Trainee: 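My structure is below; once you've seen it, I'll send some questions.
Quantities reported herein were computed from a predicted structural model and do not represent experimental measurements. Each residue takes its place number in the sequence, starting with 1.
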Amino acid sequence: VLRIVDGTTNFADFSITPRFATGIEKLNGTVRGLRSDPAARAAVSLDGQVDRFSPVTIRGEVNPLAAETYLDLAMRFRNLELASFTPYSGRFAGYKIRQGKLSVDLQYLVADRKLTADHRIVIDQLELGEKVESPDAVGLPLKLAVALLKDRNGVIDLDLPVEGSLDDPQFRVGPIIWKAFVNLLT
């Protein structure tokens, strides 16, 4: 049993300006049954938080030590501050984020070198801020699209499934999700 007590995991993206960094803190839980046996699966049960008001849960099974990677994980993030994602929104959407909350349910299955992923994204009270010049920004009336996607309570609720082969060198999850989102707006 691998027990994690008050751990931290960090993520940083230095490919964009300004740089983006975040982390999961107060990470607690277990990974039970880690073995290199190809048939073995370790049970993952982790809880943490991104900030005081943003809980994170990670549940599922993994086998990172086998020759053929197996992963079946569900991750849930609640009430993330959208303003912290301004480096991405500025670059790809052409706007800063003034306010809003993000909740995400992610389900990833990697088996037989294939990825099947489901992304449920709920954006609450999104308000775009000032325009940002970026050559990578989509050429869409984004403020209008956001207004059309919101329900009467100011919530945008999206399901974005992704499938692909890990053997395909062109397959990358992030750009596929962004493309699906842009197609939805279009």
Side-chain angles (χ1 to χ4, degrees), residues 1-32 34 42-62 64 71-110 115-130 132 134 136 142 146 149-151 153-162 172-178 180-182 184:
V1 175
L2 172 64
R3 184 173 311 278
I4 299 169
V5 178
D6 209 19
T8 302
T9 182
N10 295 306
F11 171 79
D13 186 346
F14 299 121
S15 69
I16 60 173
T17 302
R19 293 180 174 160
F20 176 79
T22 191
I24 301 173
E25 298 175 352
K26 297 184 181 178
L27 191 62
N28 293 287
T30 59
V31 180
R32 296 179 184 275
L34 274 177
V44 176
S45 179
L46 300 170
D47 296 291
Q49 58 190 59
V50 173
D51 59 39
R52 287 184 10 181
F53 305 107
S54 302
V56 176
T57 61
I58 303 169
R59 302 284 187 272
E61 296 180 326
V62 298
L71 175 120
D72 186 2
L73 277 182
M75 296 170 277
R76 173 178 270 183
F77 298 83
R78 291 289 175 262
N79 297 318
L80 299 169
E81 287 290 340
L82 273 172
S84 65
F85 292 91
T86 286
Y88 289 109
S89 69
R91 178 173 177 183
F92 298 112
Y95 288 93
K96 291 183 176 182
I97 297 175
R98 182 173 297 132
Q99 74 171 23
K101 297 281 187 173
L102 172 67
S103 293
V104 181
D105 289 312
L106 308 171
Q107 178 72 43
Y108 287 91
L109 174 64
V110 176
L115 169 71
T116 303
D118 289 308
H119 306 88
R120 179 158 185 248
I121 301 166
V122 177
I123 303 168
D124 190 15
Q125 306 305 316
L126 171 62
E127 250 185 68
L128 296 175
E130 65 189 70
V132 175
S134 171
D136 298 324
L142 199 57
V146 166
L149 286 172
K150 287 182 181 180
D151 68 11
N153 298 314
V155 175
I156 299 171
D157 193 338
L158 305 170
D159 286 310
L160 299 172
V162 173
R172 291 184 18 224
V173 174
I176 291 172
I177 293 170
W178 179 246
F181 182 69
V182 170
L184 176 71

Trainee: Please check this pair: side chain of S103 against backbone of N79, looking for a donor-acceptor N/O pair closer than 3.5 Å.
Mentor: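 Yes, because the side chain of S103 sits within donor-acceptor range (under 3.5 Å) of the backbone of N79.
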Trainee: Would you confirm whether S89, through its side chain, and Y95, through its main-chain N or O, come within 3.5 Å as a donor-acceptor pair?
Mentor: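 Between the backbone of Y95 and the side chain of S89 there is a qualifying donor-acceptor contact (under 3.5 Å).
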Trainee: Let me confirm one number: the CG-NZ distance from L126 to K101, rounded to the nearest 0.5 Å.
Mentor: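 L126 atom CG to K101 atom NZ measures 13.0 Å (nearest 0.5 Å).
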Trainee: Roughly how far, to the nearest 0.5 Å, is CZ of F11 from OG1 of T22?
Mentor: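 If we round to the nearest 0.5 Å, T22:OG1 and F11:CZ are 9.0 Å apart.
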Trainee: For residues L109 and E61, determine if any side-chain heavy atom of one lies less than 4.5 Å from a side-chain heavy atom of the other.
Mentor: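 No, side chains not in contact.
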Trainee: Is a side-chain N or O of T57 found less than 3.5 angstrom from the main chain of D47, in a donor-acceptor match?
Mentor: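 Not a single qualifying donor-acceptor pair exists.
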Trainee: side-chain contact (heavy atoms from CB on, under 4.5 Å) for D118 and D159? Distances and angles first, verdict last.
Mentor: CA-CA 7 Å; D118 289 308; D159 286 310; over 6 Å; no
Trainee: If you define the side chain from C-beta out and look only at heavy atoms, does anything of P64 sit under 4.5 Å from L34?
Mentor: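 With C-beta onward as the side chain, the pair touches.
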Trainee: Identify the two heavy atoms, one from L82 and one from I97, that lie closest to each other, and give their separation to 0.1 Å.
Mentor: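 Minimum heavy-atom contact is O-CD1, 3.4 Å.
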Trainee: So, taking the atom named CG in L27 and the one named OG1 in T9, what distance separates them when rounded to the nearest 0.5 Å?
Mentor: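 With rounding to 0.5 Å, CG (L27) is 7.0 Å from OG1 (T9).
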Trainee: Please round to the nearest 0.5 Å and tell me the distance separating atom CD of Q49 and atom CG of L80.
Mentor: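 Here the interatomic distance stands at 11.5 Å.
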Trainee: Determine the minimum heavy-atom distance between P18 and P87, stating which atoms define it.
Mentor: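 Answer, listing the atom of P18 first, then P87: O-CB, 3.1 Å.
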Trainee: Nearest 0.5 angstrom please: L160 CG to L158 CG, how far?
Mentor: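 The distance works out to 5.5 Å.
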Trainee: Report yes if the side chains of V44 and I58 come closer than 4.5 Å at any heavy-atom pair, otherwise no.
Mentor: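 Contact flag for V44/I58 side chains = yes.
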Trainee: Quick check on side-chain contact (heavy atoms from CB on, under 4.5 Å): which of I123, I121, V122 does I156 satisfy it with?
Mentor: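 Output: one option passes, namely I123.
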Trainee: Look at atom CZ of R59 and say whether more than 12 heavy atoms of other residues, nucleotides or ligands are closer to it than 6.0 Å.
Mentor: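 Yes, enclosed.
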Trainee: Go through the structure and list residues passing salt bridge (charged side-chain N to carboxylate O under 4.0 Å, His left out) with D105, not counting sequence neighbours.
Mentor: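 In terms of salt bridge (charged side-chain N to carboxylate O under 4.0 Å, His left out), with neighbours along the sequence ignored, D105 is linked to R76, R78.
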Trainee: Do the ring planes of Y88 and F85 sit parallel (below 30°), tilted (30 to 60°) or perpendicular (above 60°)?
Mentor: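 Tilted: the ring planes of Y88 and F85 meet at 30° to 60°.
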Trainee: Ignoring hydrogens, what is the shortest heavy-atom contact between I24 and G48? Give both atom names and the distance.
Mentor: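 Closest approach of I24 to G48, heavy atoms only: CG2-CA, 4.1 Å.
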Trainee: Counting N and O atoms only, with roles assigned by atom type, does the side chain of E25 sit under 3.5 Å from a partner on the main chain of N10, one being a donor and the other an acceptor?
Mentor: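 Absent.
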Trainee: Any chance you could measure Y108, atom OH, to T116, atom OG1, to the nearest 0.5 Å?
Mentor: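 So the OH of Y108 and the OG1 of T116 are separated by 11.5 Å.
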Trainee: Is there a donor-acceptor pair closer than 3.5 Å between any side-chain N or O of N153 and the backbone N or O of V155?
Mentor: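 The answer is no, because no donor-acceptor pair under 3.5 Å joins these two groups.
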Trainee: Locate the shortest heavy-atom distance separating S134 from R91; write the atom from each residue and the value.
Mentor: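 Taking every non-hydrogen atom into account, OG-O, 2.7 Å.
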Trainee: For H119 and A117, which heavy atoms make the closest approach, and how far apart are they?
Mentor: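 Nearest heavy atoms, H119 then A117: CE1-CB, 3.6 Å.
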Trainee: Are there over 12 heavy-atom neighbours, none belonging to K96, within less than 6.0 Å of that residue's NZ?
Mentor: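 Atom NZ in K96 is not packed in, count stays at 12 or less.
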